[in-house]
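Worksheet: the structure to be examined is printed underneath.
Numbering of residues begins at 1 and proceeds along the displayed sequence. Everything numeric here is computed off the predicted structure, so don't read it as measured data.
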Amino acid sequence: MSRDKIYIGDLGYKVVGAPFPLGAGYIATMIDNYFNNYFETTIFIDPLEIIEALKKNPPKIIALANYSWNSNINSEIIKFSKKISKDIITVLGGPNFEKNDKKWLKGFFEYNRCLDFYVSGEGEWKFSQIVKTAIEYSYNTEKMKHKLSPDIFFKDHDGEIIQGDIPLQIALGSYYVDTRKKHLDSIKSPYISGRLDKFFEKEGMIPMIETVRGCPYSCTFCAWGDASLSRLSAFSEERVFGELDYIAARIGKSLTRLILADGNFGILKRDIEIARYLNEINKKYKWPQNIYLYFAKNSNDNIVKIASTLGK
């Protein structure tokens with residue numbers, strides 16, 4: 001018996017030099033675990049591949065990571081999805097979204113008329129709620145509205161852009177863990193679960209990991225500047241080391257780099273230990289030879305020690 005399909009995309013114009021689709025991996029892994037593999041989830045990075053999949057095997061839901069550099073692609077893909085079937089639920093999520101600007105929101109949804117829902121902020125639990133609600137209401141988007149949590153935006157019957165008001169902990173029950181208050185290990189690793197394995201085979205892609213989320217600063221030019229993201233929450237050291245081990249054991253000769261997606265690497269004392277572990281892995285695997293990262297904005301002793309350790 002075939003399973004209902006969910007397509008999850010982090011689409012771009014190129015593969016060489018692109019990071020692994022870590023965010024899409026988190027979403028896919030969350031759906032796999034929360035719904036006990038009820039769905040067949042597929043991760044896409046190539047717009048042409050997702051178009052062919054839509055033609056051959058339309059999903060119940062398509063969810064795309066939305067950034068400034070791929071928003072035009074996403075708009076066309078959700079439009080194409082609705083041409084394939086009006087019943088496909090279309091979802092976007094990501095930082096390219098001005099949730100507090102009513103005029104901007106109206107224009108965004110007017111431009112993206114084929115969009116059903118937008119998830120603002122951390123998406124793993126919120127998207128899980130969309131999927132759970134979709135099952136409960138037989139994928140009827142009109143019935144799903146007003147049964148969703150804050151930061152899930154949609155166009156109401158009268159054309160107004162609003163957001164849900166059902167708290168996630170009520171909607172998802174005891175399984176829900178507030179990752180803004182507790183460590184992030186409740187979100188299973190897309191590396192260790194094997195969900196990102198196929199991207200090791202694509203030449204020129206760069207593995208990317210997170211060790212922490214959030215940023216105490218409020219820079220208006222940055223996606224981390226949102227006040228709701230000011231609290232730091234961390235993956236455990238064991239989780240970070242496990243992901244690094246997993247990646248290092250699968251790296252080919254063409255993969256020499258690593259991306260650390262943290263907004264402020266070095267802001268925590270334990271980041272020195274992560275740097276030391278990276279140095280040990282490099283001695284064993286000759287990887288990573290280059291690391292792309294954002295150091296903490298307040299230069300401190302941690303930064304000096306980390307730079308010294310990674311430079312050995």
Side-chain angles (χ1 to χ4, degrees), residues 6 8-11 21-28 30-31 34 61-75 77-78 89-134 141 144-156 159-172 176-181 184 187 210 212-233 261 263:
I6 296 178
I8 302 166
D10 188 350
L11 307 177
L22 180 62
Y26 284 137
I27 297 293
M30 177 66 79
I31 297 302
Y34 183 82
I61 303 173
I62 182 170
L64 305 176
N66 195 50
Y67 301 95
S68 58
W69 55 82
N70 70 357
S71 60
N72 290 338
I73 297 176
N74 292 338
S75 296
I77 294 298
I78 61 174
I89 296 175
T90 56
V91 183
L92 294 179
N96 191 38
F97 193 70
E98 299 293 336
K99 67 177 183 179
N100 297 316
D101 187 331
K102 291 184 178 181
K103 183 178 179 181
W104 187 94
L105 287 171
K106 186 174 182 179
F108 180 84
F109 273 87
E110 182 66 24
Y111 182 76
N112 293 286
R113 294 186 179 186
C114 294
L115 177 63
D116 291 313
F117 302 105
Y118 199 103
V119 177
S120 178
E122 288 181 304
E124 293 90 359
W125 292 109
K126 296 167 192 173
F127 183 66
S128 296
Q129 192 203 5
I130 288 178
V131 175
K132 182 174 182 287
T133 307
T141 55
M144 290 169 61
K145 293 175 179 179
H146 302 288
K147 301 295 181 181
L148 300 171
S149 67
D151 280 345
I152 299 177
F153 291 77
F154 52 87
K155 185 181 290 186
D156 200 2
E160 291 296 315
I161 310 305
I162 62 174
Q163 57 184 309
D165 57 7
I166 307 296
L168 275 170
Q169 52 265 51
I170 293 177
L172 296 175
Y176 170 69
V177 176
D178 187 350
T179 55
R180 301 258 37 94
K181 294 181 179 178
L184 295 170
I187 302 172
E210 281 184 311
V212 69
R213 289 184 182 177
C215 177
Y217 306 104
S218 303
C219 305
T220 56
F221 59 82
C222 179
W224 284 119
D226 192 311
S228 65
L229 302 175
S230 61
R231 185 196 299 268
L232 292 177
S233 53

Practice problem: Taking the side chain as every heavy atom from C-beta outward, state whether Leu105 and Glu98 have any pair of such atoms under 4.5 Å apart. | Solution: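 Not touching, per the 4.5 Å side-chain cut-off.
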Self-check item: Test side-chain contact (heavy atoms from CB on, under 4.5 Å) applied to Leu115 and Phe108, Phe154, Phe153, the passing residue
Solution: Phe108
Quiz item: What do the steps show when you test Met144 against Asp116 for side chain to side chain contact (heavy atoms under 4.5 Å, CB included), and what is the final call?
Solution: CA-CA 10 Å; Met144 290 169 61; Asp116 291 313; over 6 Å; no
Over all heavy atoms of both residues, which pair between [X] and [Y] is shortest? Give the atoms and the distance, please.
{"X": "Gln129", "Y": "Lys147", "value": "NE2-O, 3.2 Å"}
{"X": "Met30", "Y": "Ser128", "value": "CG-OG, 3.2 Å"}
{"X": "Asp165", "Y": "His146", "value": "OD1-O, 4.2 Å"}
{"X": "Tyr118", "Y": "Pro95", "value": "OH-N, 4.5 Å"}
{"X": "Lys126", "Y": "Asp151", "value": "NZ-OD2, 3.3 Å"}

Could you grab the distance from atom [atom1] of [X] to atom [atom2] of [Y], nearest 0.5 Å is fine?
{"X": "Leu232", "Y": "Cys215", "atom1": "CG", "atom2": "SG", "answer": "7.5 Å"}
{"X": "Ile31", "Y": "Ile130", "atom1": "CD1", "atom2": "CD1", "answer": "9.0 Å"}
{"X": "Ile62", "Y": "Ile78", "atom1": "CD1", "atom2": "CD1", "answer": "8.5 Å"}
{"X": "Ile89", "Y": "Thr133", "atom1": "CD1", "atom2": "OG1", "answer": "9.5 Å"}
{"X": "Leu92", "Y": "Asn112", "atom1": "CG", "atom2": "CG", "answer": "6.0 Å"}
{"X": "Leu64", "Y": "Asp10", "atom1": "CG", "atom2": "CG", "answer": "9.0 Å"}

Self-check item: Lys102 and Ile161: CA distance, side-chain angles, deciding distance, side chain to side chain contact (heavy atoms under 4.5 Å, CB included) verdict
Solution: CA-CA 8 Å; Lys102 291 184 178 181; Ile161 310 305; over 6 Å; no
Exercise. Test Ile6 against Phe127 for side chain to side chain contact (heavy atoms under 4.5 Å, CB included), laying out the working first.
Key: CA-CA 11 Å; Ile6 296 178; Phe127 183 66; 4.1 Å; yes
Quiz item: Does any N or O in the side chain of Thr90 come within less than 3.5 Å of the main-chain N or O of Cys114, such that one atom is a donor and the other an acceptor?
Solution: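 At least one qualifying donor-acceptor pair exists.
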Quiz prompt | Ser71: partners by side-chain contact (heavy atoms from CB on, under 4.5 Å), with sequence neighbours left out | solution = Asn66, Asn96
Exercise. Return the set of residues passing side-chain contact (heavy atoms from CB on, under 4.5 Å) with Lys132 (not counting sequence neighbours), or none when no residue passes.
Key: Tyr34, Phe35, Glu136, Leu172
Practice problem: Check Glu122, Glu210, Glu124 against Tyr26 for a side-chain hydrogen bond (donor to acceptor under 3.5 Å, both in side chains) and give me the one that passes. | Solution: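 Looking at Glu122, Glu210, Glu124, the match for Tyr26 under the side-chain hydrogen bond (donor to acceptor under 3.5 Å, both in side chains) is Glu210.
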Self-check item: Chi angles and distances behind the side chain to side chain contact (heavy atoms under 4.5 Å, CB included) call for Ile162, Lys145
Solution: CA-CA 10 Å; Ile162 62 174; Lys145 293 175 179 179; over 6 Å; no
